[in-house]
Amino acid sequence: MQVSIAGQAVEAHAGESFGEVLARGLSKKKMKDVVAVRCGDRLLDLFKPLEPGCDGVEPVFADSPAGLDVIRHSAAHVMAEAVKKLFPTAKVTIGPSVENGFYYDFDYERPFTPEDLEAIEAEMRAIVAADHPFRCRVASRAAAEELFGGMGEDYKLELIRDLGAEQYSLYTQGGFTDLCRGPHAPGTGLLGAFKLLSVAGAYWRGDEKNKMLQRIYGTAWATEKELKAYLHRLEEAKRRDHRKLGVALDLFSFSDEAGPGMVIWHPKGALVRTILEDFERKEHLKRGYHIVQGPQILKQELWEKSGHYDNYRENMYFTAIDETGYGVKPMNCLSHMLIYKSRLRSYRDLPLRYFELGLVHRHERSGVLHGLTRVRAFTQDDAHLICRPDQVQGEIIGVIEFVRDVMGLFGFEYELELSTRPEKSIGSDADWELATTALETALKTVGLPYQINEGDGAFYGPKIDIKLKDALDRRWQCATIQCDFTLPERFDLVYTDSDGERRRPVMLHRVILGSIERFLGVLIEHFAGAFPTWLAPVQARVLTVTDAHDAHAGAVKNFLAARGVRVEADLRNEKLGYKVREAQVEKVPYVLVVGDQEVESGGASVRLRGENLGSRSLEEVAALIAADCAEPFKRGGMSYRFDSCASAV
RNA sequence: GCCAGCGUAGCUCAGUUGGUAGAGCAGCUGAUUCGUAAUCAGCAGGUCCGGGGUUCAAGUCCCCGCGCUGGCUCCA
């Protein structure tokens, strides 16, 4: 019979494996990098015998996404083998591949130590060096139960019981056999580029009611070079850590005395925030939003009415005033609804877009707090769009375009995800259908690619999540657009339609940056602390060579400040090199040196982020900075007025 | 909240088998007047996270809190 390999016809004989056939169509060198084969949409082992139905076969190379998956999964098996060898009483559970690597969960009587990890890794290297082949066999349910039961592998028995199938595939390499769907690499010798990273706790089957297991994480790549690159990326992420940079750049701090998850903004950080918030206010007004503001605490009764008291109570802070219960707001929607209800609304009034930079408090579980990206008090750039059903789609398009513009401004790539109805949800089928269609049609209209997350919507409506990708290709959930069927119902929101009938409006919750805190945390890491000039707390610093130049430095500072530049002067009696270094470390974009020559010429010597641009007139410097500030806005077709938050003259 | 690790000066970190706390940077004072990433000297700086315990003696060992870090679960 004939098999097509990557479009090329190759003769195959009955009983041959995929690998054997493939070897005739590929060079020896290429063949070494093949870890599995793709047949249709199935991935199969190289060592499996050719299947009659498979007449078109594609090799899966180690460095392809699917190939990496196979390598990582196989590495997990090798790790389990090593652990069982070193710690025979450890019980194995599951061990899949994940983004960038793999893990395996074990149940063992004592915690694994870093020394254990080293020993496990060394054992793994020995297994890799021995290059044991992976083999697969199919066992009946009874045989599988007998095998794992005999080994005391209770977790595997539970998996078999829950899967409830009649047959199970078992993969063996060396002396280790695991219940597994496969496929696997042809041999352990292919798994050279790996490293174990950490041990962490993880609940059996992800349920916190279950026993906590020990999860060992590792990373694995097709080549040593890629492994190095990944480890380097981890280092780079550490270097950019916003928690470190926040202290180094004096932007913000956390204090035990204030409480965990409570950000304290220092002058420079608060200034960056303010600039960002000013930008948001302007953009929202431009797009037809109304800026509103509600109180920080609202009566408990109101939270009961909204359903937050029943569904979100554990995450809320409560207080009492004159024996009346109050809840600190975890969301901004309630006062926005009260504004809507403050008078009768006509169909002509809609859509109404209420925007609030709303400070919310959420009592997040202590273990989830993380720098600025997960806090207990944060400000959302929150808006609620209340509109007629026929306006939903247009509103969603408007929001997606808003997100697109803002992400472009910061140079973020992003991914869109549409989340549909979850099992536990409220609202009629018709409502869900309408809203989900509106979201999807809007996505199609804007023409951006998106993924569908089946069943991942909120219980009160479908949503679009936007995940931005930062400079290190990490994904962050920031913007989200959510349809809501409950609140208009519960608060009996209505408008009078053109025919005089009272109708129910649709409500959309949406954020663009998500939370100012998280977004700034992401921005700090994205830019490694070096904010674009329009956002930099200090845009320019004037440095004197000696105190003979103080007067000119003052003049330079005043000249720029009067033109809206956030500028300061460093007149300290220090060597120029020292002051340059300090400005550079503090990521001040423009360093303006003044010495005898500049006093003479009346200008300044410009150093932009480490690059010496030479001597310029003050007009040139001001124009340079202004253009630098406006550049990201121009790129996205947005306007920028260069006078936001200038320093005092 | 759960599992594990960690907590020493503003920051980064030393601190032997338990014997009474140290460096660099930053700060202050003085000298130095200097051209694009660190001038020199001196001074000051500590509830060794908090509270109990063991001990003649605890930064060090034990227990209980609190906080942080990495995960799990949850999420902007």
Side-chain angles (χ1 to χ4, degrees), chain A residues 98 103 105 110-114 116-117 197-217 238 241 243-244 247-248 250 253-261 312 314-315 330-332 358 360 362-382 458 465-467 476-480 482 509-519 521-522 543-550 572-586 591-598 605-608 610-615:
Chain A
V98 291
Y103 68 79
D105 286 347
R110 66 159 176 85
F112 290 122
T113 64
D116 292 337
L117 279 203
L197 298 175
S198 59
V199 205
Y203 300 108
W204 166 235
R205 312 194 99 173
D207 188 333
E208 60 186 327
K209 290 187 205 75
N210 288 341
K211 184 165 187 189
M212 180 142 300
L213 308 169
Q214 294 189 65
R215 175 170 298 179
I216 303 181
Y217 280 97
K238 232 188 248 173
D241 192 323
R243 294 165 302 184
K244 288 263 182 202
V247 175
D250 200 15
S253 63
F254 292 89
S255 151
D256 294 5
E257 291 170 287
Y312 205 69
E314 325 74 75
N315 286 298
M331 290 153 189
N332 305 297
V360 296
R362 297 184 185 175
H363 182 250
E364 302 290 350
R365 297 164 93 179
S366 59
V368 307
L369 299 175
H370 179 96
L372 290 180
T373 58
R374 198 73 187 272
V375 293
R376 283 182 171 158
F378 58 100
T379 305
Q380 293 181 301
D381 59 336
D382 202 3
D465 285 327
I466 293 98
K467 298 221 162 86
W476 299 93
Q477 163 80 69
C478 291
T480 167
Q482 307 184 348
H509 308 252
R510 51 105 282 193
V511 288
I512 303 292
L513 305 181
S515 94
I516 301 292
E517 286 76 5
R518 175 178 291 181
F519 192 77
V522 172
L543 310 187
T544 49
V545 178
T546 76
D547 55 10
H549 315 115
D550 286 3
R572 291 175 304 168
N573 176 18
E574 296 287 354
K575 284 187 146 175
L576 181 61
Y578 180 82
K579 295 202 269 193
V580 166
R581 177 176 191 276
E582 212 159 80
Q584 193 88 23
V585 167
E586 288 174 39
V591 171
L592 307 172
V593 176
V594 296
D596 288 342
Q597 293 162 39
E598 286 72 27
S605 170
V606 181
R607 182 183 160 111
L608 170 57
E611 189 195 353
N612 200 332
L613 303 183
S615 245

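Below, chains carry the letters A, B, ... as their sequence lines are ordered, and counting in each starts from 1. Predicted, not measured: the structure shown is a model, and the values here were computed from it.
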In terms of side-chain heavy atoms of Met212(A), which of G71(B), U39(B), A76(B) is nearest? G71(B)

P atoms of U39(B) and A26(B), separation to the nearest Å: 9 Å

Have a look at Gln584(A) and say if it touches a base, only the backbone sugar-phosphate, or nothing, with a 4.0 Å heavy-atom cut-off. base

Hey, does the side-chain of Arg365(A) have a donor or acceptor N/O within less than 3.5 Å of a partner on the base of U73(B)? yes

To the nearest 0.5 Å, what is the distance between CD1 on Ile512(A) and CG on Asp381(A)? 6.5 Å

Applying a 4.0 Å non-hydrogen cut-off, can you work out what Gly577(A) is touching in the nucleic acid: base, sugar-phosphate, or nothing? sugar-phosphate

Shortest side-chain distance from Val368(A), nucleotide among A4(B), G1(B), C34(B): G1(B)

To the side chain of Lys575(A), which of U36(B), G1(B), C34(B) is closest? C34(B)

Gap between atoms CG and C1', on Asp550(A) and C34(B) respectively (whole Å): 13 Å

Nearest-neighbour nucleotide for the Arg374(A) side chain, A37(B), A26(B), A76(B) considered: A76(B)

Hey, does the side chain of Arg510(A) come within less than 4.0 Å of A76(B)'s phosphate (OP1/OP2), counting only N and O? no

First encountered from the 5' end of RNA chain B, between Asp547(A) and Gln482(A): Asp547(A)

Pick the closest RNA chain B nucleotide for Asn315(A) and for Asn612(A) by heavy atoms, then say which residue is nearer the 5' end. Asn612(A)

Assign Thr113(A) to base, sugar-phosphate, or nothing according to its heavy-atom contacts below 4.0 angstrom with the strands shown. nothing

Just the table, please: protein N/O against nucleotides 9-14 of chain B N/O, every pair under 3.5 Å.
none

Could you give the distance separating C64(B) and G19(B) at their C1' atoms, to the nearest angstrom? 27 Å

Just verifying a value: how many Å separate Leu117(A) CG and Ser198(A) OG, rounded to the nearest 0.5 Å? 7.5 Å

Those residues at least two apart in sequence (or on a different chain) that pass side-chain hydrogen bond (donor to acceptor under 3.5 Å, both in side chains) with Arg607(A) are Gln584(A)

Could you give the distance separating U8(B) and C2(B) at their P atoms, to the nearest angstrom? 24 Å

Under 4.0 Å, heavy atoms only, any strand: does Glu574(A) hit a base, just the sugar-phosphate, or nothing? base

From the list Leu543(A), Val594(A), Leu613(A), Val593(A), side-chain contact (heavy atoms from CB on, under 4.5 Å) partner of Ser605(A) resolves to Val593(A)

How many whole angstroms separate atom CG of Leu117(A) from atom P of G5(B)? 12 Å

Round to a whole Å and report the spacing from CG of Leu576(A) to C1' of U39(B). 13 Å

Sort out the partner of C40(B) for me: Watson-Crick or G-U wobble, both distances under 3.5 Å, none otherwise. G30(B)

Donor-acceptor check, side chain of Glu611(A) to backbone of Leu608(A), threshold 3.5 angstrom: yes or no? no

How far, in whole Å, is U54(B) from U69(B) if one measures between their C1' atoms? 30 Å

Determine the contact category for Gln597(A): base if any of its heavy atoms lies under 4.0 Å from a base atom, sugar-phosphate if only primed atoms, P, OP1 or OP2 are that close, otherwise nothing. base

Given the C1' atoms of U16(B) and A21(B), what is the spacing between them in whole Å? 14 Å

Counting heavy atoms not belonging to Glu314(A), are there more than 12 under 6.0 Å from its CD? yes

If you only use heavy atoms from C-beta on, which nucleotide in U73(B), C34(B), U36(B) is closest to the side chain of Arg607(A)? U36(B)

Would you mind reading off the distance between Asp105(A) atom CG and A4(B) atom P, rounded to a whole angstrom? 15 Å

Nearest to side-chain heavy atoms of Val580(A), which nucleotide of A4(B), C2(B), A37(B): A37(B)

Would you call Asp241(A) and Arg243(A) a salt bridge, using N to O less than 4.0 angstrom? yes

Euclidean distance for P, A4(B) against C13(B) (whole angstrom): 24 Å

Measure from the ring centre of Phe378(A) to the centre of the six-membered ring in the base of A76(B), then say whether that distance is under 5.5 Å and the planes meet at under 30°. yes

Do the side chain of Glu598(A) and the base of G35(B) come within less than 3.5 angstrom through a donor-acceptor pair of N or O atoms? yes

What residues form a side-chain contact (heavy atoms from CB on, under 4.5 Å) with His363(A), not counting sequence neighbours? Tyr317(A), Arg376(A)

Going by the rule side-chain hydrogen bond (donor to acceptor under 3.5 Å, both in side chains), which residues pair with Tyr203(A) if we only count those two or more places apart in sequence or in a different chain? none

Arg362(A) side chain: which of A76(B), U73(B), U36(B) is closest? A76(B)

Atom pair distance, as rounded to whole Å: CZ in Arg518(A) and P in C75(B): 11 Å

Would you say Tyr217(A) places a side-chain N or O within less than 4.0 Å of OP1 or OP2 belonging to C72(B)? yes

Among His549(A), Lys579(A), Arg572(A), whose side-chain hydrogen bond (donor to acceptor under 3.5 Å, both in side chains) with Thr544(A) holds? Lys579(A)

Assign Asp596(A) to base, sugar-phosphate, or nothing according to its heavy-atom contacts below 4.0 angstrom with the strands shown. base

Using the side-chain hydrogen bond (donor to acceptor under 3.5 Å, both in side chains) criterion, which residues pair with Arg581(A)? Sequence neighbours excluded. none

What is the distance, to the nearest angstrom, from the NZ atom on Lys209(A) to the C1' atom on C74(B)? 13 Å

What integer number of Å spans the C1' atoms of U12(B) and C6(B)? 16 Å

Going by purine N1 to pyrimidine N3 plus the second Watson-Crick contact, or the G-U wobble pair, all under 3.5 Å, which nucleotide sits opposite G19(B)? C56(B)

Please determine whether a side-chain nitrogen or oxygen atom of Tyr578(A) lies at a distance below 4.0 Å from atom OP1 or OP2 of A26(B). yes

Remember a base hit wins even if backbone is also touched, and classify Glu582(A) as base, sugar-phosphate or nothing at under 4.0 Å, heavy atoms. nothing

G35(B) pairs with which nucleotide, Watson-Crick or G-U wobble, both distances below 3.5 Å? none

Can you tell me, in whole Å, how much space there is between the P of G59(B) and that of C48(B)? 7 Å

Any donor-acceptor N/O pair under 3.5 Å between G1(B) base and Tyr203(A) side chain: yes

Each nucleotide N or O in nucleotides 67-70 of chain B that has a protein N or O under 3.5 Å away: list the pair and distance.
{"unit_1": "G67(B)", "atom_1": "O2'", "unit_2": "Asp256(A)", "atom_2": "OD1", "d": "3.3"}
{"unit_1": "U69(B)", "atom_1": "OP1", "unit_2": "Arg243(A)", "atom_2": "NH1", "d": "3.0"}
{"unit_1": "U69(B)", "atom_1": "O3'", "unit_2": "Arg243(A)", "atom_2": "NH1", "d": "3.4"}
{"unit_1": "G70(B)", "atom_1": "OP1", "unit_2": "Arg243(A)", "atom_2": "NH1", "d": "3.3"}
{"unit_1": "G70(B)", "atom_1": "OP1", "unit_2": "Arg243(A)", "atom_2": "NH2", "d": "2.9"}
{"unit_1": "G70(B)", "atom_1": "OP2", "unit_2": "Arg243(A)", "atom_2": "NH1", "d": "3.3"}
{"unit_1": "G70(B)", "atom_1": "OP2", "unit_2": "His370(A)", "atom_2": "ND1", "d": "3.2"}

